[in-house]
Peer 1: 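Just dropping this structure here.
Side chains are part of it too, since the values below use all heavy atoms of this structure and drop only hydrogens, waters and symmetry mates. All values derive from a computational prediction rather than experimental measurement.
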Amino acid sequence: MASKQKRFRRPLGKRRYRKLFVLAVEGTKTEPDYFGLFNSQKAVIHIKCLKGKESSSSPPQVLAQMKKHLKEESLKDSDEAWLVVDKDQWTNPQLAELYNWSQSRNNYGFALSNPNFEYWLLLHFEDGNAISSTYDCSNRLKGHLPGYNKIIDSCKFTYDVIKRAIDRAKIHDNPPCTDWPRNTGTTVYKLVEKMLQV
């Protein structure tokens with residue numbers, strides 16, 4: 001017996017505009033999975049994640065990917081474009097190029113996690129103190145997300161948990177850095193806070 005399928009029908013009338021956040025990220029799994037949590041049919045925002053490449057993804061490649069996308073698809077004034085990278089081994093001049101690009105328009109942004117994006121994820125579950133390497137960060141994160149292997153378990157990232165991560169990141173970013181965290185920290189909270197405010 002064939003099951004009856006309901007057809008999705010868009011309600012008639014005016015469609016509400018969804019603010020677009022275009023994100024160019026280094027990762028191919030973790031960052032797209034995480035930011036994908038903010039997408040839904042009911043959301044008033046839409047996240048478009050430009051994934052990095054499996055083989056290699058550096059800050060200049062992330063910036064080039066964003067520039068290429070913006071040539072093909074322009075932003076509305078109310079939309080935002082953000083570069084999201086890890087500190088890793090990247091040099092200050094490489095990161096400065098991304099930061100300078102982010103300062104060229106009001107709706108551009110730059111978010112960096114030091115040592116890596118997993119530090120931002122860790123802040124969802126704890127204060128993230130005494131982290132000095134990517135190894136420390138991954139080890140501690142696995143304590144909260146057993147079996148973590150770059151894939152996000154959406155059930156663990158509730159609104160309250162995300163709000164706590166923002167609060168913890170702000171505590172580490174005090175006074176707020178003007179460009180990116182030179183020591184352990186993250187400015188991803190600035191992007192996520194903007195998404196939640198819409």
Side-chain angles (χ1 to χ4, degrees), residues 20-39 46-73 75 79-105 107-124 128 131-142 145 148-154 157 162 165-166 169 172-173 177 179-195:
L20 175 65
F21 285 87
V22 177
L23 313 180
V25 301
E26 283 182 282
T28 59
K29 294 178 185 170
T30 309
E31 293 92 331
D33 280 358
Y34 178 82
F35 290 112
L37 297 173
F38 296 88
N39 278 331
H46 178 71
I47 312 301
K48 183 171 192 171
C49 225
L50 311 176
K51 298 178 186 180
K53 294 183 178 172
E54 251 338 307
S55 55
S56 67
S57 186
S58 67
Q61 289 169 325
V62 170
L63 179 57
Q65 187 178 20
M66 177 63 84
K67 287 179 175 179
K68 180 179 183 240
H69 176 79
L70 293 177
K71 275 186 185 175
E72 295 166 1
E73 252 182 77
L75 291 179
D79 294 337
E80 298 191 29
W82 283 73
L83 306 171
V84 182
V85 299
D86 300 339
K87 172 61 177 95
D88 286 332
Q89 76 280 9
W90 307 122
T91 65
N92 286 341
Q94 287 174 313
L95 298 174
E97 186 181 359
L98 276 66
Y99 174 74
N100 292 337
W101 174 87
S102 75
Q103 298 301 295
S104 65
R105 287 191 54 182
N107 59 343
Y108 287 178
F110 175 53
L112 180 137
S113 293
N114 188 356
N116 57 9
F117 191 75
E118 279 73 10
Y119 183 73
W120 165 247
L121 298 180
L122 182 63
L123 293 179
H124 289 69
I131 296 290
S132 60
S133 68
T134 56
Y135 176 79
D136 291 345
C137 196
S138 294
N139 250 9
R140 292 262 285 279
L141 185 58
K142 285 178 182 176
L145 300 173
Y148 170 76
N149 188 23
K150 301 285 185 185
I151 304 294
I152 299 289
D153 178 357
S154 60
F157 294 89
I162 293 169
I166 291 170
H172 285 282
D173 190 27
C177 61
D179 46 18
W180 65 86
R182 300 298 198 267
N183 299 312
T184 303
T186 182
T187 53
V188 172
Y189 77 89
K190 294 178 180 182
L191 167 59
V192 174
E193 194 168 46
K194 280 190 162 219
M195 291 175 174

Peer 1: Quick check: closest heavy atoms across Thr30 and Lys150, and the distance to 0.1 Å?
Peer 2: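 Result for this residue pair: OG1-O, 3.0 Å.
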Peer 1: Looking only at atom types and distance, does a side-chain atom of Asp79 sit under 3.5 Å from a main-chain N or O of Leu75, one as donor and one as acceptor?
Peer 2: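 Not confirmed, Asp79 side chain does not pair with Leu75 backbone.
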Peer 1: Do you know which two heavy atoms are closest between Pro59 and Glu26, and how far apart they sit?
Peer 2: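 Residues Pro59 and Glu26, closest heavy atoms: CD-OE2, 4.3 Å.
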Peer 1: How many angstroms lie between CG in Leu23 and CE in Met195, if you round to the nearest 0.5 Å?
Peer 2: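 The CG atom of Leu23 sits 4.5 Å away from the CE atom of Met195.
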Peer 1: Check whether Lys87 reaches the backbone of Trp90 with its side chain - one donor and one acceptor, N or O, closer than 3.5 Å.
Peer 2: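 Yes: the side chain of Lys87 pairs with the backbone of Trp90.
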Peer 1: Could you check whether any side-chain N or O of Asp86 sits under 3.5 Å from a backbone N or O of Pro115, counting only pairs where one atom can act as donor and the other as acceptor?
Peer 2: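 Not confirmed, Asp86 side chain does not pair with Pro115 backbone.
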Peer 1: Counting distance only, does the side-chain N/O of Thr184 pair as donor-acceptor with the main-chain N or O of Ile131 below 3.5 Å?
Peer 2: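 Side chain of Thr184 to backbone of Ile131: a pair is present.
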Peer 1: Has the side chain of His172 got a donor or acceptor atom that lies under 3.5 Å from a matching backbone atom of Ala169?
Peer 2: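 Judged by distance alone, no pair lies under 3.5 Å.
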Peer 1: Say you draw a straight line from OG1 of Thr187 to NZ of Lys190; how long is it, rounded to the nearest 0.5 Å?
Peer 2: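 Rounded to the nearest 0.5 Å, the OG1-NZ separation comes out at 6.0 Å.
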Peer 1: Is there a donor-acceptor contact under 3.5 Å from the side chain of Gln65 to the main chain of Lys51?
Peer 2: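 A pair under 3.5 Å: yes.
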Peer 1: Less than 4.5 Å apart, side chain to side chain, heavy atoms only: is that true for Val25 and Trp82?
Peer 2: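 Not in contact.
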Peer 1: Would you check if the side chain of Gln103 reaches a backbone N or O of Asn100 as a donor-acceptor pair within less than 3.5 Å?
Peer 2: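 A pair under 3.5 Å: no.
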Peer 1: To the nearest 0.5 Å, what is the distance between CZ on Arg140 and OH on Tyr148?
Peer 2: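 Between Arg140 CZ and Tyr148 OH, I get 15.5 Å after rounding to 0.5 Å.
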Peer 1: Compare all side-chain heavy atoms of Leu145 with those of Phe157 and state whether any distance is below 4.5 angstrom.
Peer 2: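 In short, these two side chains touch, coming nearer than 4.5 Å.
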Peer 1: Let me see the working for Ile47 and Tyr34 under side chain to side chain contact (heavy atoms under 4.5 Å, CB included), right down to the final yes or no.
Peer 2: CA-CA 10 Å; Ile47 312 301; Tyr34 178 82; over 6 Å; no
Peer 1: Can you give me the closest heavy-atom contact between Val22 and His69, atom names plus distance?
Peer 2: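 Heavy atoms of Val22 and His69 come nearest at CG1-CD2, 3.6 Å.
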Peer 1: Tell me whether Arg182 contacts the main-chain N or O of Trp180 through its side chain, where contact means a donor paired with an acceptor under 3.5 Å.
Peer 2: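 Yes, the answer is positive, given that a donor and an acceptor are paired below the 3.5 Å cut-off.
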Peer 1: Rounded to the nearest 0.5 Å, what separation is found between the CD1 atom of Ile152 and the CG atom of Leu121?
Peer 2: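 Going from the CD1 atom of Ile152 to the CG atom of Leu121 covers 4.5 Å.
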Peer 1: Are the side chain of Tyr119 and the backbone of Gly128 linked by a donor-acceptor contact shorter than 3.5 Å?
Peer 2: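 Yes, Tyr119 side chain to Gly128 backbone: donor-acceptor pair under 3.5 Å.
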Peer 1: Do you know which two heavy atoms are closest between Leu98 and Pro60, and how far apart they sit?
Peer 2: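 That closest heavy-atom pairing would be CD1-N, 4.2 Å.
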Peer 1: In the structure I gave you, are the side-chain heavy atoms of Phe38 and Ile162 within less than 4.5 Å of one another anywhere?
Peer 2: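 Heavy-atom side-chain distance check passes, below 4.5 Å.
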Peer 1: Between the side chain of Asp173 and the main-chain N/O of Cys177, is any donor-acceptor distance below 3.5 Å?
Peer 2: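 The answer is yes, because a donor-acceptor pair under 3.5 Å joins these two groups.
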Peer 1: How many angstroms lie between CG in Asn114 and OG1 in Thr134, if you round to the nearest 0.5 Å?
Peer 2: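 The distance works out to 10.5 Å.
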Peer 1: Distance from Leu191 atom CG to Thr186 atom OG1, nearest 0.5 Å?
Peer 2: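 Reported value, rounded in 0.5 Å steps: 9.5 Å.
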Peer 1: I want to check something: taking the side chain as every heavy atom from C-beta on, are Leu83 and Tyr99 in contact at a cut-off of under 4.5 Å?
Peer 2: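 Sidechains of Tyr99 and Leu83: no contact.
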Peer 1: Give the intermediate values and the outcome of side chain to side chain contact (heavy atoms under 4.5 Å, CB included) for residues Phe110 and Val85.
Peer 2: CA-CA 8 Å; Phe110 175 53; Val85 299; 3.6 Å; yes
Peer 1: Could you tell me if the side chain of Tyr189 sits less than 4.5 Å from the side chain of Leu123, heavy atoms only?
Peer 2: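 Result no, sub-4.5 Å side-chain heavy-atom pair not found.
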Peer 1: Does atom CG of Asn183 have more than 12 heavy-atom neighbours from other groups under 6.0 Å away?
Peer 2: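 Not buried by this count: 12 neighbours or fewer within 6.0 Å.
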Peer 1: Would you say the ring centers of Tyr108 and Trp101 fall short of 6.0 Å from each other?
Peer 2: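 Ring centres of Trp101 and Tyr108 closer than 6.0 Å.
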